[in-house]
Amino acid sequence: LLRLFMAVVDTIPQFLVPYLPDLFLSSVLCSPALDEASEAQSHSVNSAVVRLREAIAMKVPARQLLGPLIGGLQKAEEAATVTILMGVLIWSIRKSKSTDIGAKSSLILKGGTFVYDFA
């Protein structure tokens, strides 16, 4: 399943846009359990999840990514999920040009404010 999502992100990232709100739920791609190493879960699965999150941040345009990402932040119930989503947000902001995210600055500040209140 991770390979399928990675292939979609690599070839047609715009296809993921309608599914981003569901992917950013704490029980899906942002589940803290995916980051915890266990005997049942190999290191390769953990690194594949991190690569997928980073690929989504790098390849999906920020103007399409930020809304679902901030929505996921607002629905997060665990600090670990907030941390994961903030990582994706930071990757997305760093790869974007200021002209690309300028129109979304209020949304970014809304997410930052939420995270501050969450802590």
Side-chain angles (χ1 to χ4, degrees):
L1 190 58
L2 289 172
R3 288 182 184 173
L4 170 69
F5 280 121
M6 197 63 165
V8 170
V9 171
D10 283 339
T11 56
I12 47 173
Q14 65 275 13
F15 178 77
L16 277 182
V17 172
Y19 305 101
L20 289 174
D22 293 331
L23 286 175
F24 290 140
L25 293 175
S26 61
S27 61
V28 187
L29 186 60
C30 297
S31 171
L34 291 173
D35 290 337
E36 297 171 358
S38 68
E39 291 179 25
Q41 186 172 301
S42 70
H43 175 71
S44 62
V45 172
N46 293 16
S47 61
V49 169
V50 171
R51 283 194 316 269
L52 178 58
R53 291 174 188 151
E54 186 173 5
I56 289 171
M58 297 296 169
K59 298 199 177 195
V60 175
R63 68 182 184 281
Q64 296 174 323
L65 179 67
L66 292 176
L69 188 55
I70 301 302
L73 274 171
Q74 293 174 326
K75 292 178 184 175
E77 297 176 358
E78 298 178 42
T81 302
V82 170
T83 301
I84 290 166
L85 289 168
M86 282 301 296
V88 176
L89 178 62
I90 290 167
W91 282 327
S92 180
I93 292 170
R94 285 187 178 157
K95 67 96 180 176
S96 299
K97 296 178 183 173
S98 60
T99 55
D100 294 339
I101 59 171
K104 298 287 186 176
S105 59
S106 64
L107 192 58
I108 294 168
L109 291 173
K110 183 178 181 180
T113 303
F114 173 80
V115 171
Y116 181 77
D117 288 343
F118 188 85

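These numbers come from a predicted model, not from an experiment.
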Between atom [atom1] of [X] and atom [atom2] of [Y], what is the distance when rounded to the nearest 0.5 Å?
X: L65; Y: I101; atom1: CG; atom2: CD1; value: 11.5 Å
X: I56; Y: L23; atom1: CD1; atom2: CG; value: 5.5 Å
X: L1; Y: M6; atom1: CG; atom2: CE; value: 13.0 Å
X: I70; Y: L107; atom1: CD1; atom2: CG; value: 5.0 Å

Which residue pairs satisfy the side-chain hydrogen bond (donor to acceptor under 3.5 Å, both in side chains) criterion with at least one member in residues 101-115, sequence neighbours excluded?
none
I'd like to know whether V28 forms a side-chain contact (heavy atoms from CB on, under 4.5 Å) with D22, so could you lay out the CA-CA distance, the side-chain angles of the two residues, the decisive distance to 0.1 Å, and finally the verdict.
CA-CA 7 Å; V28 187; D22 293 331; 5.7 Å; no
[X]: what forms a side chain to side chain contact (heavy atoms under 4.5 Å, CB included) with it, not counting sequence neighbours?
X: Y19; answer: F15
X: K75; answer: L25
X: S31; answer: A33, L34

Are F114 and L109 grouped together when hydrophobic residues (ILVMFWY) are joined by side-chain heavy atoms under 4.5 angstrom apart?
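No, F114 does not connect to L109 through the hydrophobic network.
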Where at least one partner belongs to residues 53-69, residue pairs that pass salt bridge (charged side-chain N to carboxylate O under 4.0 Å, His left out), sequence neighbours excluded
D10-K59, D35-R53
Could you tabulate the donor-acceptor pairs under 3.5 Å formed by side-chain atoms of residues 78-98, not counting sequence neighbours?
unit_1, atom_1, unit_2, atom_2, d
T83, OG1, A79, O, 3.0
K95, NZ, V60, O, 3.2
S96, OG, S92, O, 2.7

